[in-house]
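Excluded from the calculations below are hydrogen atoms, water molecules and symmetry mates; all remaining heavy atoms, backbone and side chain alike, are included. Below, chains carry the letters A, B, ... as their sequence lines are ordered, and counting in each starts from 1.
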There are 2 protein chains.
Amino acid sequence: MADKNLQKFKDVLRSEHLKVTPQRLAVFEEVCSTDDHRDADDIYLSLKQREKAVSRATVYRTVDLLLKYNFVSRIDIEDGKWRYEHWLDCTRHDHLICVRCGNIVEFSDKNIQIREKRIAKSFDYTLVRHVLNLFGYCSDCRGK
Amino acid sequence: MADKNLQKFKDVLRSEHLKVTPQRLAVFEEVCSTDDHRDADDIYLSLKQREKAVSRATVYRTVDLLLKYNFVSRIDIEDGKWRYEHWLDCTRHDHLICVRCGNIVEFSDKNIQIREKRIAKSFDYTLVRHVLNLFGYCSDCRGK
DNA sequence: AGTTAAACGAGATTCAATCTCAATTAAATT
DNA sequence: AATTTAATTGAGATTGAATCTCGTTTAACT
Ligand SMILES: [Mn+2]
Ligand SMILES: [Mn+2]
Ligand SMILES: [Zn+2]
Ligand SMILES: [Zn+2]
């Protein structure tokens, strides 16, 4: 499962004439190790803690690479930091974010996606990407 | 129209025991002068050019204020800068953004909003805000 | 006019992200 | 297996939007 994807990553690197380096593999493996939505520094610190230290610059460079080749997706919860999540199952989804505790729930709504396409078409735009974030209070945080 | 809103702004300032300063009025007036989606520095530079210079710090402070009291809305087109637009008519809308030229089209879809509420409810979240941005190529930019 | 707390401006600071460049290393070539 | 070559790395510098600091100014109340 993860191994198969690791292989896919290596294949992409090779086919793009990019080097298969221990640092790149470490970042890939770290990103795939949880379903969390983490920023570059979270990933950097996790690797460091696990004695698989990779420089911050390389973490940034590698997540960009993973993004480019669709191994991760990136979300922006408007706190000034990009967050990354692995994309192993390729299930498109959007996010519902608690404005107090930061908890993130994932959802997917086919009907909204259809309407988005229709909207883009009506303005003669070719849709390439969408961002749908819902912000609110989770049940734990509702009563402050 | 704009005058009526300027009055409303002054009233809010006074009711909140905030001072009605030339700088705040200048930023308010500048923000309301177009329907564009501009970042703080755009606003700063426009004011400067019009010989109504206000410091950058004050522009930032004032757009925060305008946001807090709902005179502007803020959008994030993921280029690292907040953009502001006046909120005179209070029409809720979302944005369709050209990834090449940056052109922004506004739209509103009641049905999507209904579905969003339903989704939030299903996860027991109290919705406070949403972000819906569609990214694509406009008709001018489609053929590169 | 005098008082006072809020607001201002200039410049310092923060912080995520990117860049620079010398040293290292993956991998293609002998 | 050794050599060559170009990509990659890490340390630290840089960028740029946004925020903060702090001494000075000013709106607004008396
Ligand atoms: Mn997710
Ligand atoms: Mn708008
Ligand atoms: Zn919460
Ligand atoms: Zn365009």
Restricting both atoms to N or O, compile the protein contacts to nucleotides 20-22 of chain D shorter than 3.5 Å, with distance only.
none

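Atom pair A/L45:CG and C/dA16:P shows a separation of 11 Å (rounding to whole Å applied). One can place CZ of A/R38 at 16 Å from P of C/dA16, the figure rounded to the nearest angstrom. The NZ-C1' distance, from A/K10 to C/dA26, rounds to 13 Å in whole Å. Atom CG in A/L13 sits about 12 Å away from atom C1' in D/dA7, given to the nearest Å. The nearest whole Å value for the distance from the CZ atom in A/R83 to the C1' atom in C/dA17 is 15 Å. If you take CG of A/D41 and P of C/dT18, they are 13 Å apart, rounded to a whole angstrom. Straight-line distance from the CG atom of A/L67 to the C1' atom of C/dA17: 14 Å, rounded to whole Å. Whole-Å rounding puts the B/D42 CG to D/dA18 C1' distance at 15 Å.
Annotation: the span from B/D94 atom CG to A/I119 atom CD1 amounts to 8.0 Å, rounded to 0.5 Å. Atom-to-atom distance recorded for A/L13:CG and A/Y69:OH is 8.5 Å, nearest 0.5 angstrom.
A cation-pi arrangement, defined by a distance under 6.0 Å to the six-membered ring centre and an angle within 45 degrees of its axis, is absent between B/R100 and B/Y137.
When the side-chain nitrogen and oxygen atoms of B/R56 are compared with OP1 and OP2 of C/dA10, none of them lie within a distance under 4.0 Å. OP1 or OP2 of D/dT19 has not a single side-chain nitrogen or oxygen of B/Y60 nearer than 4.0 Å. Side-chain nitrogen and oxygen atoms of B/T58 include at least one within less than 4.0 Å of the OP1 or OP2 phosphate oxygen of C/dG9.
Taken residue by residue, residues 74-81 of chain A places heavy atoms nearer than 4.0 Å to DNA chain C at A/G80, A/K81.
When all heavy atoms of A/I77 and A/F135 are compared, the pair lying nearest together is O-CE2, 3.9 Å. Of all non-hydrogen atoms in A/Y125 and B/C98, the two that sit nearest each other are CE2-N, 3.6 Å.
Salt-bridge annotation for B/E78 and A/R129: present, with a side-chain N of the basic residue lying under 4.0 Å from a carboxylate O of the acidic one. A salt bridge links A/D124 with B/R142; the closest basic N to acidic carboxylate O contact falls under 4.0 Å. With salt bridges taken as basic N to acidic carboxylate O contacts below 4.0 Å, one links A/R50 and A/E29.
When A/R38, A/K48, A/K52 are each tested for a salt bridge (charged side-chain N to carboxylate O under 4.0 Å, His left out) with A/E30, only one passes: A/R38.
No more than 12 heavy atoms of other residues, nucleotides or ligands lie within 6.0 Å of CD in A/Q49, so this atom counts as exposed by the packing criterion.
At a threshold of 4.5 Å between non-hydrogen side-chain atoms, the residues B/K10 and B/R24 do not count as touching.
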Per-nucleotide protein contact along nucleotides 23-30 of chain D, 5' to 3', at a 4.0 Å heavy-atom cut-off (B base, S sugar-phosphate only, - neither), is ---BBS--
